[in-house]
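Only one structure is covered here, and it is reproduced in the block below.
Every chain is numbered from 1 and lettered A, B, ... according to where its sequence line falls, protein lines coming before strand lines.
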Number of protein chains: 2
Amino acid sequence: MSRKVFVSAKEVADRAGVSRSAVSRTFTPGASVSEETRRRVVEAAEALGYHVNHLARGLMRNESGIVCLIVSELDTPYRARLLKALTQQLQSVAKIAMVINTDRSDDSVDLALRQAIRYRADASIILSGMPDKSITDLCLKNGQRLVLINRDEDREGPLLINLNDREAARRAFIALQRAGCQTFAFANSAAMTPSLMAREEGFREAGRAHGIEVVVERYGPTSYRSGAIVAQRLLTREKRPDAIFCASDLLACGLMDAARHQFNLAVPSELCVIGFDDIEQASWSSYNLTTFAQPVERIAAEAVAWLAQPSQTEANSHKLEAELIWRGSVRGG
Amino acid sequence: MSRKVFVSAKEVADRAGVSRSAVSRTFTPGASVSEETRRRVVEAAEALGYHVNHLARGLMRNESGIVCLIVSELDTPYRARLLKALTQQLQSVAKIAMVINTDRSDDSVDLALRQAIRYRADASIILSGMPDKSITDLCLKNGQRLVLINRDEDREGPLLINLNDREAARRAFIALQRAGCQTFAFANSAAMTPSLMAREEGFREAGRAHGIEVVVERYGPTSYRSGAIVAQRLLTREKRPDAIFCASDLLACGLMDAARHQFNLAVPSELCVIGFDDIEQASWSSYNLTTFAQPVERIAAEAVAWLAQPSQTEANSHKLEAELIWRGSVRGG
DNA sequence: CAATTTATTGCACTCGCTTGCAAAAAGATG
DNA sequence: CATCTTTTTGCAAGCGAGTGCAATAAATTG
């Protein structure tokens with residue numbers, strides 16, 4: 001009826017005929033226990049189904065082993081992949097992921113971080129949304145580590161991991177130019193996150209450097225549907241673009257579908273498209289999209305490695321390169 | 001240098017000039033505190049940046065507020081959606097999700113459940129993989145609740161949520177028959193999970209009921225690539241199927257792409273396809289796939305509602321219906 | 001074998017919080 | 001104003017584990 005209580009170290013100790021400390025030490029790597037005692041403890045623990053209470057351990061050690069992942073739109077292919085990589089790699093260093101969903105509002109990120117503090121998470125990794133400065137300060141002051149992925153920020157303390165978006169955008173421009181394109185456009189969502197904007201800026205800049213003006217269109221969230229709508233706007237212009245760099249693959253897929261099915265344009269012969277993220281769908285043969293791959297595993301690895309090291313090394317900022325994956329949505333290649 | 005210690009209730013109490021208990025009561029809904037004391041406590045807490053330590057609270061109350069989500073392949077569209085719905089709805093009842101990644105081996109589910117026990121999770125929700133009976137027993141014995149989604153199991157205790165897969169398969173058959181199809185096939189992965197097998201069985205059965213033999217092909221994991229391979233096998237048969245029911249949308253997408261791009265078949269005029277899950281991509285205009293929608297939000301709601309109620313009601317089994325979403329991959333409709 | 005060093009063990013305190021209980025304060029009643 | 005209720009409040013005993021310290025046992029040395 002009432003919640004059956006979990007078995008505690010005390011019970012194990014009694015059964016094994018040793019003190020409670022012996023049990024505790026048996027499950028603490030590096031503690032001093034004789035082979036004989038350990039054996040008896042382990043045996044008793046097994047028999048009783050004992051599992052160390054990490055709540056209590058965390059309380060004592062002041063280190064819970066919990067890492068908070070704060071994310072919005074986690075059902076989006078790129079986010080889901082990142083989430084998977086992170087949870088997996090965290091597990092491999094004996095930490096555990098707590099995931100908190102936020103909507104786009106900064107307020108909800110604050111709520112999430114508060115929750116992280118309540119559970120005394122050792123660290124928080126923010127995949128989306130900018131938390132309020134006062135809250136991140138609170139986290140840091142509480143000895144919590146903070147990782148910001150693809151968020152620009154100049155504050156000291158958190159680990160910043162982001163891509164060299166500008167450079168990627170530049171390379172996209174070159175690639176499209178080599179393919180013989182004349183009229184360039186950039187398809188963006190209206191989310192205006194730092195990384196999306198960096199791609200936009202980078203592409204524009206590259207255009208300027210070549211004396212070419214780049215049309216930019218932004219609409220809605222970063223989704224398939226937005227891509228289709230941006231396509232409408234771009235492809236009905238008097239001077240129709242024949243090269244479009246999309247801020248994300250999701251936008252690119254929507255845009256390509258609209259281009260083909262509504263405007264009857266052939267890709268890549270009449271329209272070249274480059275995306276960003278390298279989500280799984282980009283490789284599907286209906287899209288076969290040339291795109292930049294986010295080094296998801298690398299990102300997760302960097303984050304986890306930084307969290308795993310015992311002493312806080314000075315917070316640094318890692319900039320990774322996105323790899324250009326050539327497929328069939330650009331001529332030549 | 002060393003982890004700055006978090007601020008505790010003691011400090012808040014001192015600053016507010018009240019006892020530790022007063023602080024505790026202020027943050028415990030329904031406890032007896034005067035308006036005046038509460039005000040002072042809240043003020044002090046705010047000033048110091050105090051947050052209740054849920055580790056300690058969980059220890060005392062023997063109820064952590066943590067719910068473990070055990071999932072494999074969480075970067076798959078359907079899984080990601082379910083995960084999102086669950087984390088969100090859990091948050092809304094003041095519980096928090098811990099997610100554990102498993103690979104397909106049952107062993108890794110055991111490891112995950114062990115972890116859940118260590119953190120004294122109030123419940124575990126298993127989205128994939130069958131845990132060993134002894135482990136689920138352990139969970140239940142420890143007063144942990146268990147929810148199994150789309151997993152058949154006849155044990156008492158856990159809440160079982162699954163779809164009426166057989167019925168859906170039957171409806172799929174009828175729909176394809178109405179579309180005038182002659183040769184029926186079922187495309188499956190080799191994962192052989194209960195729900196995938198139920199769909200297969202249901203479809204075969206429906207065929208048998210109409211005196212029609214259904215060809216079944218299974219291959220690999222439940223993925224796009226597997227769909228393409230199954231397509232190869234099915235579409236090169238001497239008697240080529242003109243109706244294929246796919247165990248999942250991912251398979252369906254791979255299959256459709258192969259059918260169109262490798263076999264130059266037009267959908268739906270030469271080949272009708274029905275999928276399962278209603279992932280986002282099914283609605284993309286390149287696929288425009290007729291499919292069965294998993295009621296993801298409903299599933300999450302049922303699970304969360306059951307977990308939220310204070311007293312364990314007798315474990316029951318919920319069977320939900322999948323809704324047929326008509327799109328363009330089947331003639332007629 | 002005594003003396004010294006080293007490995008193991010148990011005691012007791014601590015971590016931060018909840019809660020039963022009894023004392024104190026505030027309100028209600030006659 | 002005295003008496004009886006009803007709130008509030010603080011004390012202290014846990015919850016389940018980790019760990020410094022001193023006591024004990026085992027191993028090493030001369």
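Side-chain contact annotation: A/T37 with A/S34, donor-acceptor N/O pair under 3.5 Å present. A donor and an acceptor atom, one from each side chain of A/H51 and B/R114, are located under 3.5 Å apart. With 3.5 Å as the limit, one finds no donor-acceptor pair spanning the side chains of B/Q115 and A/Q91.
Straight-line distance from the NE2 atom of A/H54 to the P atom of C/dC15: 21 Å, rounded to whole Å. Summarising the geometry, the separation between CZ on B/R40 and C1' on D/dT9 is reported as 12 Å, rounded to the nearest angstrom. Here D/dG16 presents its C1' atom at 14 Å from CG of B/N142, a figure rounded to the nearest Å. The separation between A/L59 atom CG and C/dG16 atom P is 7 Å, rounded to whole Å. Taking atom CD of B/E36 as the reference point, atom C1' of D/dT9 lies 14 Å away to the nearest angstrom. The interatomic distance linking A/L55 (CG) with D/dG14 (C1') rounds to 16 Å, in whole Å. Rounded to an integer number of Å, the gap from CZ of B/R20 to C1' of C/dT14 is 13 Å. Remark: P of C/dC15 and CD of B/E11 are 11 Å apart, rounded to the nearest angstrom.
In the set D/dT9, D/dG18, C/dC17, C/dC17 carries the atom at the smallest distance from any side-chain atom of B/N53. For B/V52, taking side-chain heavy atoms from C-beta onward, the closest of the listed nucleotides D/dG18, C/dC17, D/dG10 is C/dC17. Distance from the side chain of A/R61 is smallest for D/dG18 among the nucleotides C/dT18, D/dG18, D/dA17.
Within the 4.0 Å cut-off from OP1 or OP2 of C/dC17, not a single side-chain nitrogen or oxygen of B/S24 is found. The shortest distance between the side-chain N/O atoms of B/S8 and the OP1/OP2 oxygens of C/dG16 is not below 4.0 Å. Close to C/dC17, at under 4.0 Å from its OP1 or OP2, lies a side-chain N or O of B/Y50.
Comparing B/S19 and B/M60 by the nucleotide of DNA chain D whose heavy atom lies nearest to each, the residue mapping closer to the 5' end is B/S19. In terms of position on DNA chain C, the residue among B/F27 and A/E35 whose nearest nucleotide sits closer to the 5' end is A/E35.
For A/F27 and A/Y50, the distance between ring centers is under 6.0 angstrom.
Using a 4.0 Å heavy-atom cutoff across all strands shown, A/S34 reaches sugar-phosphate atoms only and no base atom. Within 4.0 Å of B/V33, counting heavy atoms only, lie sugar-phosphate atoms of the nucleic acid but no base atom.
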Please walk me through it: do A/E35 and A/R39 pass salt bridge (Lys or Arg N to Asp or Glu O under 4.0 Å)?
-> CA-CA 6 Å; A/E35 226 21 79; A/R39 200 188 49 69; over 6 Å; no

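Interface remark: the B/R120 side chain does not form any donor-acceptor pair with the D/dG16 base, using a distance-only criterion of under 3.5 Å. Between the side chain of A/S21 and the base of C/dC11, a donor-acceptor pair under 3.5 Å is found.
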